[in-house]
Amino acid sequence: MAGQFKAAINQLNKVSQIMGLECDELEILRKPDRIIEVSLPVLMDNGRMKVFTGFRVQYNNTRGPYKGGIRFHPKVNLDEVTTLAFWMTIKCAVADIPYGGGKGGIAVDAKTLSQGELERLTRAYARGFANFIGPKIDIPAPDVGTTPQIMAWLMDEYSHIKGENTPAVVTGKPIEVGGSLGRDTATGLGGFYVFEEVLNKLKMAKSKAGIAVQGFGNVGMNFAMIAYRAGYKVAAVSDSRGGIYNEKGLSMEEILAHKKSTGSVVDFKNSKNITNEKLLELPVEVLVPSALENVINEKNAGRIKAKMILELANGPTTEEAEVKLSKKAVLIVPDVLANSGGVIASYFEWVQNSRQYYWEQARMDDRLKDKVTSAFKKVWQTMEARGNNQMRDAAYIVAVERLIGSLRIRGI
Ligand code: NAD
């Protein structure tokens, strides 16, 4: 067992000790059900063939079909995909939706591919995994570097192979091909609902909650925009090229326009350019990591000034950093709860595809709020019952109880 996955399983072991639980079912949760690796030959624009490696890890399907995104990023590797698939298993159980966990990926910098190359790579992925995915088997979705357009190509290729239109094979699709209203903003919106619940519990005033958001993609940008429009001060944002900061707050609408025209948030007027590392150490109340894993670690944990970390990225805080930050009474709202709005909305999209009956935006947002808020309440109560500020432990207790319960009822 390698680095990141080992750390993820340490969290499972920690929680099983807290619960006084040692059983055979737990051993099932320590390993993925299936790891699939496929070679994907793609014809490049220069006429040469390039062979990519595609991964899909199907972690556990006790509570329903495997569910999880596909990541296109140069650093994708099997350890990372396995870890993300494990976290999806926990997340779907925390959210109490009828899914297990899975994840996929390709080590590629999608920005270096032409549209044609990206489409051929995506279709190759669909062909490579067509016998392993399906609406009742394993349902991919977008993640870092993948978009609604990529989901449409996946759905199209899969539908051709199976000989029937199958929108429910992936979620996060464009509206025109069976996507759901509200799916694109759901991870940010779900995170915002959780954020307001936490502020309420902490009795923290809105005016005091200055926010820094790392990552200005689907999740970070939507969260920042929703918080800004709701009247919160978003003082810093960043993307892969760097960040910007203004202690008095930034206009998200203007930044979005600036990013659209220049390709990045950096060099925005009336703000100071900062590095991604510096963003995490700013004097703000709330940090919202929304990009990649392990950015809050042993090296910088001591310099973090925020009182709350809302983990919209998956796995942004390492084990060592969490120990240090908890001692400083920093509240870490864990990824498996904070960003669960995405998979909850994916679940609603899949339900609509299966029924071929589509909801209006308000119904989608209301149901998202209900589901995320119930998950939050259950986790918060579990944490309060233990008398500490360890929200991740509480979320894992909720998930492990549900997973072990389902495993026992089904039998091995
Ligand atoms: P995205 O590709 O849309 O955006 C990622 C953003 O992070 C971009 O702005 C990119 O420039 C930035 N970035 C990349 N490398 C960076 C670096 N080294 N430092 C700082 N910023 C960097 O991806 P996304 O879908 O917004 O996903 C972001 C995170 O949220 C990931 O951890 C993902 O697993 C998680 N997540 C996504 C969803 C979803 O619905 N998309 C759901 C749950 C969790």
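When a ligand or atom number is given, it counts from 1 through the structure's own listing order.
Using the six-membered ring where Trp is involved, Phe86 and Phe5 have ring planes that are perpendicular, over 60° apart on the 30 and 60° scheme. The aromatic rings of Phe192 and Tyr232 lie perpendicular to each other, with more than 60° between the two planes, well past the 30° mark.
Residue Ala313 places no N or O, backbone or side chain, under 3.5 Å from any N or O of ligand 1. Checking only distances, Asn218 does come within under 3.5 Å of ligand 1, N or O to N or O. Residue Thr187 has at least one N or O atom closer than 3.5 Å to an N or O atom of ligand 1. Backbone and side-chain nitrogen or oxygen atoms of Lys91 are examined, and none is located within less than 3.5 angstrom of a nitrogen or oxygen of ligand 1. Looking at Arg71 next to ligand 1, an N or O pair under 3.5 Å apart turns up.
Side-chain N or O atoms of Arg120 include one that pairs as donor or acceptor with a backbone N or O of Leu43 at under 3.5 Å. Here the side chain of Asp138 pairs no donor or acceptor atom with the backbone of Ile133 at under 3.5 angstrom. Asn200 places no side-chain N or O within donor-acceptor distance of the main-chain N or O of Glu196, the cut-off being under 3.5 Å.
Ligand 1 does not have Lys111 within reach: every non-hydrogen atom of the residue lies 4.0 Å or more from it.
Between Ser346 and Arg183, the side chains place a donor N or O and an acceptor N or O closer than 3.5 Å (distance only, hydrogens not considered).
The protein heavy atom nearest to atom 11 (O) of ligand 1 is Ser240 N, 2.9 Å. Nearest non-hydrogen protein atom to atom 9 (O) of ligand 1 is Phe216 N, 3.0 Å. Considering only non-hydrogen protein atoms, atom 30 (O) of ligand 1 sits nearest to Leu312 O, 3.4 Å. Among protein heavy atoms, atom 7 (O) of ligand 1 sits closest to Ala291 CB, 3.5 Å. Taking atom 41 (N) of ligand 1 as the reference point, the nearest protein heavy-atom neighbour is Val219 CG2, 3.8 Å.
Taking each of Gly341, Gly217, Ala338 in turn, the one with a heavy atom nearest to atom 6 (C) of ligand 1 proves to be Gly217. For the residues Asp143, Asn339, Ile344, the heavy atom positioned nearest atom 43 (C) of ligand 1 is part of Asn339. Nearest to atom 28 (C) of ligand 1 by heavy atom, out of Pro289, Ser290, Gly215, is Ser290.
When heavy-atom distances to ligand 1 are checked against a 4.0 Å cut-off, Asn276 comes that close only through its side chain, counted from C-beta outward. For Leu292, every heavy-atom contact with ligand 1 shorter than 4.0 Å involves the side chain, none the backbone. Counting heavy atoms under 4.0 Å from ligand 1, residue Arg183 touches it through the side chain alone. Both the backbone and the side chain of Val144 come within contact range of ligand 1, each with a heavy atom under 4.0 Å. With a 4.0 Å heavy-atom cut-off, ligand 1 is reached by no atom of Met221.
Exactly one residue among Glu311, Glu293, Gln214 makes a side-chain contact (heavy atoms from CB on, under 4.5 Å) with Pro316. That residue is Glu311. For the ring pair (Phe, Tyr, Trp, His ring centres under 6.0 Å) with Phe223, the qualifying choice from Tyr228, Phe216, Phe195 is Phe195, the only one to do so. Considering Thr82, Asn77, Val81 as possible partners of Asp79, the one that fulfils the side-chain contact (heavy atoms from CB on, under 4.5 Å) test is Asn77.
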